[in-house]
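See below for the structure under consideration.
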Amino acid sequence: MRTAFGVLEVVAPGPGARWAERIWLTVPKRAWRPKTPIAVSAGEPFTMTVRRSTVHGTVWGTEGPAVYLVHGWGGVAEQLDAFVEPLLAAGCRVVSFDAPGHGRSTQSFAGPGRSTLLEFSESLSTAVDRFGEAHAVIAHSFGAAAVVLSALDGLSMGRIAVVAPMSDPIGFSYEFAKMLGFRERIRRGFLRVLEKRVGMSIDKFDIPQRMRSEDLTGLPRLLIVHDLGDREVPVANGDRLARLWPGAELDTWTSLGHFRILTDPDVVRKVTAFSSVPRTLPVP
């Protein structure tokens, strides 16, 4: 593949860009799950329509402030199951879903086996429209990028807790190009193809650029949890987001990696406590 992209970079960057865009949007087929499944009480299944996808989710509880759980790229809703029971015990209602092209949800408008960052954000806003304003949102990895973009776009959220956040999805295109063996002609080209597909400027998804240039007044309180040894999404992402987001708290951990951090009891307690704070209480 690297050899093929190297050739296309020189002789046919257009086809190379279209190929790169397909790879960029392709969802990994196997999602991480904890070795020991997390026991959760029975919730109420629901479906909602996001573009062409039927999104499947679960809601627990009928009253209390709503906390939304958002998984990452190639993930599934159950990856965040460790937060469900603690949030319910704290008096919250919990809403979780599989993004388009993931888990039980049907295919993305980008085609079979694919998904887009835009649909992650749209799934969250659709869920909020249905179940009510987000007292808090807990998001993992790529899902964190979608939640941050939703906040920048004006979706009302009381608090956000991001675990191992991807903070620069467009900036990742440089690493993506390095991994696949192409350079700027294909990199810029595939971003143009992606821009045409989603129907908006790619700059809308450039989190660092937007945070440096837009008015950040009124953003929700942000907790960032990241493992120092995370190999999938290096902690530099969490650090960058902490520096850009006014008043953000960065909480670093060790020996938990990118996924086990989602089930660590101490992390779950910290994130739950942050996410379930009543709005009537002073901000700690």
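A quick note: this is a predicted structure, and the numbers were derived from the prediction, not measured. Sequence positions, counted from 1, serve as the residue numbers for this chain.
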Side chains of residues 136-151: which donor-acceptor partners sit under 3.5 Å, not counting sequence neighbours?
from, atom 1, to, atom 2, distance (Å)
His140, NE2, His258, O, 2.8
Ser141, OG, His258, NE2, 3.0
Ser150, OG, Ala146, O, 2.9

side-chain contact (heavy atoms from CB on, under 4.5 Å) against Ser201, all qualifying residues, sequence neighbours excluded: Glu195, Asp203
Single-linkage hydrophobic cluster, 4.5 Å side-chain cutoff, Val10 and Phe5 together: no
What do the steps show when you test Phe131 against Phe46 for ring pair (Phe, Tyr, Trp, His ring centres under 6.0 Å), and what is the final call? CA-CA 11 Å; Phe131 296 104; Phe46 68 87; 4.7 Å; yes
In the single-linkage hydrophobic clustering (I, L, V, M, F, W, Y; side-chain heavy atoms under 4.5 Å), do Phe205 and Leu194 co-cluster? yes
Which pair of heavy atoms, one from Pro112 and one from Gln107, lies closest together, and at what distance? CG-OE1, 3.3 Å
Transitive ILVMFWY side-chain link Leu250 to Ile261, under 4.5 Å: no
What's the verdict on side chain to side chain contact (heavy atoms under 4.5 Å, CB included) for Leu155 and Val128, showing C-alpha distance, side-chain angles and the deciding distance? CA-CA 9 Å; Leu155 183 65; Val128 169; 4.3 Å; yes
Quick one: does Glu249's side chain have a donor or acceptor within less than 3.5 Å of a partner on Leu222's backbone? no
Grab the two heavy atoms, one from Trp60 and one from Arg93, that are nearest each other, plus how far apart they are. O-CG, 3.1 Å
Treating Ser105 as the side-chain partner and His56 as the backbone partner, does any N or O pair qualify as donor plus acceptor under 3.5 Å? yes
Below 4.5 Å, heavy atoms only, C-beta onward: do Pro165 and Ile224 meet side chain to side chain? yes
Give the C-alpha distance, both sets of side-chain angles, the deciding distance and a yes or no for side chain to side chain contact (heavy atoms under 4.5 Å, CB included) between Arg197 and Leu25. CA-CA 11 Å; Arg197 184 185 295 277; Leu25 297 179; 3.3 Å; yes
Check the side chains of Ser167 and Arg240 for a donor-acceptor pair under 3.5 angstrom, ignoring hydrogens and angles. yes
Using side-chain heavy atoms (C-beta onward) and a distance below 4.5 Å, is Arg183 in contact with Lys178? no
Shortest non-hydrogen contact between Val268 and Pro86, atoms and distance: CG1-CG, 3.9 Å
Going by an N to O cut-off under 4.0 Å, is there a salt bridge joining Asp264 and Arg260? no
Side-chain (Asn237) to main-chain (Met166) donor-acceptor, under 3.5 angstrom: no
Evaluate the side-chain proximity of Leu216 to Leu152: yes if any heavy-atom separation is below 4.5 Å, no if none is. yes
Flag, side chain of Ser123 to backbone of Ala99, donor-acceptor distance under 3.5 Å: no
Any sub-3.5 Å donor-acceptor pair from Trp245's side-chain atoms to Leu219's backbone N or O? no
What class does the angle between the rings of Phe120 and His71 fall in, given that below 30° is parallel, 30 to 60° is tilted and above 60° is perpendicular? perpendicular
If every non-hydrogen atom of Leu117 is compared with every non-hydrogen atom of Pro169, which pair is closest and at what distance? CD2-CG, 4.0 Å
Stacked cation flag Arg18 on Phe190, 6.0 angstrom / 45 deg: no
Between Ile160 and Leu223, is there a side-chain heavy-atom distance shorter than 4.5 Å? no
Salt bridge (Lys or Arg N to Asp or Glu O under 4.0 Å) contacts in which one or both residues fall within residues 22-46, not counting sequence neighbours: Arg33-Glu78
Backbone N or O of Pro100 within a donor-acceptor pair of the Ser115 side chain at under 3.5 Å? yes
Partner residues of Arg188 under the side-chain contact (heavy atoms from CB on, under 4.5 Å) criterion, sequence neighbours left out: Glu184, Arg192
Hey, any chance Val235 and Val233 share a hydrophobic cluster, counting ILVMFWY side chains that come within less than 4.5 Å of each other, even indirectly? no
Side chain Asp227, main chain Leu256, donor-acceptor under 3.5 Å: yes
Out of curiosity, His102 NE2 to Ser108 OG, how far, rounded to the nearest 0.5 Å? 9.5 Å
Any chance you could measure Trp19, atom CH2, to Ile186, atom CD1, to the nearest 0.5 Å? 8.5 Å
Cationic tip of Arg52 above Phe109 ring, under 6.0 Å, 45° of axis: no
Between Ser173 and Arg187: side-chain donor-acceptor atoms closer than 3.5 Å: yes
List the atom of Asp168, the atom of Gly171, and the distance in Å for their closest heavy-atom pair. OD1-N, 3.0 Å
Is it true that a side-chain atom of Thr272 and a backbone atom of Arg269 form a donor plus acceptor pair closer than 3.5 Å? no
Hey, could you give me each pair passing salt bridge (Lys or Arg N to Asp or Glu O under 4.0 Å) that has a residue in residues 97-106? Not counting sequence neighbours. Asp98-Arg104
Evaluate the side-chain proximity of Trp253 to Asp230: yes if any heavy-atom separation is below 4.5 Å, no if none is. no
Salt bridge (charged side-chain N to carboxylate O under 4.0 Å, His left out) filter on Arg210, not counting sequence neighbours, yields Asp153, Glu214
Between CE of Met48 and OG of Ser53, what distance do you get to the nearest 0.5 Å? 9.0 Å
Side-chain (Glu133) to main-chain (Met157) donor-acceptor, under 3.5 angstrom: no
Tyr68 versus Ser96: any side-chain heavy-atom pair under 4.5 Å? no
Whether Phe176 and Phe182 hold their rings parallel, tilted or perpendicular, with breakpoints at 30° and 60°: perpendicular
Would a single hydrophobic cluster contain both Leu241 and Leu228, if residues Ile, Leu, Val, Met, Phe, Trp and Tyr are joined by side-chain heavy-atom contacts under 4.5 Å? no
Counting C-beta onward and ignoring hydrogens, is there a side-chain heavy-atom pair between Arg212 and Leu244 closer than 4.5 Å? yes
Separation between SG (Cys92) and CD (Glu63), nearest 0.5 Å, reads 11.5 Å
Smallest heavy-atom separation, Thr116 atom then Ala110 atom, equals CG2-CB, 4.0 Å
Quick one, Lys270 with Val267, criterion side chain to side chain contact (heavy atoms under 4.5 Å, CB included). Give me CA distance, side-chain angles, the key distance, then yes/no. CA-CA 5 Å; Lys270 173 81 182 253; Val267 171; 5.7 Å; no
Is there a side-chain contact between Thr263 and Ile38 in this structure, where contact means two heavy atoms from C-beta onward sitting under 4.5 Å apart? yes
Note: Arg51-Glu119 ion pair, threshold 4.0 Å (strictly below): no
Criterion side chain to side chain contact (heavy atoms under 4.5 Å, CB included) on Val198 and Lys204, from CA distance to verdict: CA-CA 11 Å; Val198 299; Lys204 286 283 290 182; over 6 Å; no
Is the backbone N or O of Phe172 less than 3.5 Å from a side-chain atom of Glu175, with the two atoms forming a donor-acceptor pair by type? no
